[in-house]
Amino acid sequence: MRVLITGNMGYVGSVLTRFLKSKDPGIEIMGYDSGFFGHCLTGAESIPEACLTRQYIGDVRELTPAILDEADAVVHLAAVSNDPMGKEFEDVTTSINREASVRIAKIAASHGVGNFVFASSCSVYGAAVGWPRGETDTTNPLTPYARSKIGTEDDLRQIDLSGMVFTSLRFATACGMSDRLRLDLVLNDLVACAVSSGEINVLSDGSPWRPLIDVEDMARAIYWAIRRRAEDGGTWLAVNAGRDESNYKISDLAEAVQRQVSNAKVSINADAPSDKRSYKVDFSLFKSLAPDFIPRVSLDQSIARLLKGLERMKFVDRKFRNSPYLRLNTLRRHIDAGRLNRDLRWLGM
Ligand SMILES: NC(=O)c1ccc[n+]([C@@H]2O[C@H](COP(=O)([O-])OP(=O)(O)OC[C@H]3O[C@@H](n4cnc5c(N)ncnc54)[C@H](O)[C@@H]3O)[C@@H](O)[C@H]2O)c1
């Protein structure tokens, strides 16, 4: 099987590449990435790209259609991938996350690609109090990032994709260790706080609900989706990817971190303005469609893997919230140094 992964040099792609290769050593993987975070390796002894057949460095807004001739499946991860970046680069988020995604899916369909996997997000549920939201419930995206994800799904639902099996995985919030670790994710942030300062500093009042998924389990779901048959869910499918037991309150996460870093104290910011982004999610459809691929990594295992990874990195930076481990900071550094413009295109290279 030949798979093209866009955004392969990110947090998820770095884990996915090794995961796919370990499951199927014969798989041919091609990567396509602009390389914004290519240099942000975190303790890896070799680059994940070493197991690729080919690495393209390019912008998804300008992807050459012929590249898709070589692929049986496409995993489309490339994106402006969180709310802070989406807020700062709102128009670019629409053009990269929505317009380029729709264009690439259309080209893939016309070039005979069998399966297309789109990395969507449970953040499309936004502020969703009460019952856990399922795929047929109304969405309520609160941010440009979340709107770009649901917008892409909506656009592609209305287009004839010539029988290509399209799967939009609405991922829970990612967590866990990667060769390109990010600390702008809630659990990763709390573990990094505990390790670097001995204080698990919750930025909100701890009350919002958030479903979590370990990055290895994201790779497992993608492995299912690149081989999914139309009989299992239809040619167009949007499915929540995670598990019901992994809907947590942020304060529960802080306590789970404290259980493994027992000398660390939890501090909750009771005066923080309430975070409207709070949602519980129903993952029963995923469980019924992909029973052998549901998440296996427990919250405690994710925390343990993060602790081990941070130790390997000799991580001590108390001011990590100002560091390149937060993706927005890395983009700002590129821009301030004159390497990237505000349209997120490389300059002079
Ligand atoms: N991390 C999460 O919590 C989470 C949750 C749900 C969904 N997702 C989605 O999963 C996908 C991967 O997330 P991630 O955490 O690995 O993000 P990431 O930011 O770590 O990686 C994204 C990659 O896309 C590349 N990229 C960005 N713009 C590009 C462009 N114009 N052309 C080519 N490449 C470009 C970047 O260089 C980067 O390597 C994203 O689509 C994200 O929205 C992530």
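For ligands, and for the atoms within them, numbers begin at 1 and follow the listed sequence. What you are looking at is a predicted structure, and each value in this text was computed from that prediction instead of being measured.
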Worksheet item: Salt bridge between R220 and E216, side-chain N to carboxylate O under 4.0 Å?
Response: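 Answer for the salt bridge query: yes.
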Practice prompt. Could you tell me whether D24 and R227 have a side-chain N and a carboxylate O separated by less than 4.0 Å?
Written response: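 No, D24 and R227 are not salt-bridged.
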Within the structure, does [X] bring an N/O atom to less than 3.5 angstrom of an N/O atom in ligand 1?
X	answer
A174	yes
G13	no
R327	yes
F171	no

Worksheet item: With a 4.0 Å cut-off on heavy atoms, is G58 touching ligand 1?
Response: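 Within the 4.0 Å threshold, so yes.
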Please state which protein non-hydrogen atom is closest to [atom] and give its distance, to 0.1 Å?
atom	answer
atom 7 (C) of ligand 1	S120 O, 3.1 Å
atom 31 (N) of ligand 1	D59 OD1, 3.0 Å
atom 11 (C) of ligand 1	L77 O, 3.3 Å
atom 32 (N) of ligand 1	V60 N, 2.8 Å
atom 5 (C) of ligand 1	A172 O, 3.6 Å
atom 28 (N) of ligand 1	F36 CE1, 3.5 Å

Side-chain polar contacts of residues 26-35 - donor-acceptor pairs under 3.5 angstrom, sequence neighbours left out - could you list them?
{"from": "Y32", "atom 1": "OH", "to": "D59", "atom 2": "N", "distance (Å)": "3.3"}
{"from": "Y32", "atom 1": "OH", "to": "D59", "atom 2": "O", "distance (Å)": "2.8"}
{"from": "D33", "atom 1": "OD1", "to": "G35", "atom 2": "N", "distance (Å)": "2.6"}
{"from": "D33", "atom 1": "OD2", "to": "N8", "atom 2": "N", "distance (Å)": "3.3"}
{"from": "D33", "atom 1": "OD2", "to": "M9", "atom 2": "N", "distance (Å)": "2.8"}

Practice prompt. Could you check which of K149, M218, R210, H76 puts a non-hydrogen atom nearest to atom 4 (C) of ligand 1?
Written response: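 Looking at heavy atoms only, the winner is M218.
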Practice prompt. Would you please test C193 and R321 for side chain to side chain contact (heavy atoms under 4.5 Å, CB included) and show each step?
Written response: CA-CA 9 Å; C193 276; R321 284 175 177 157; 3.4 Å; yes
Fill in: For R182, atoms of ligand 1 separated by under 4.0 Å from a heavy atom
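By the 4.0 Å cutoff, the relevant atoms are 18 (P), 20 (O).
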Item to complete: Heavy-atom contacts with G10 under 4.0 Å: which atoms of ligand 1 show up? List them by number with element.
Response: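 Those of ligand 1 that fall under 4.0 Å from G10 are 16 (O), 20 (O), 21 (O), 39 (O).
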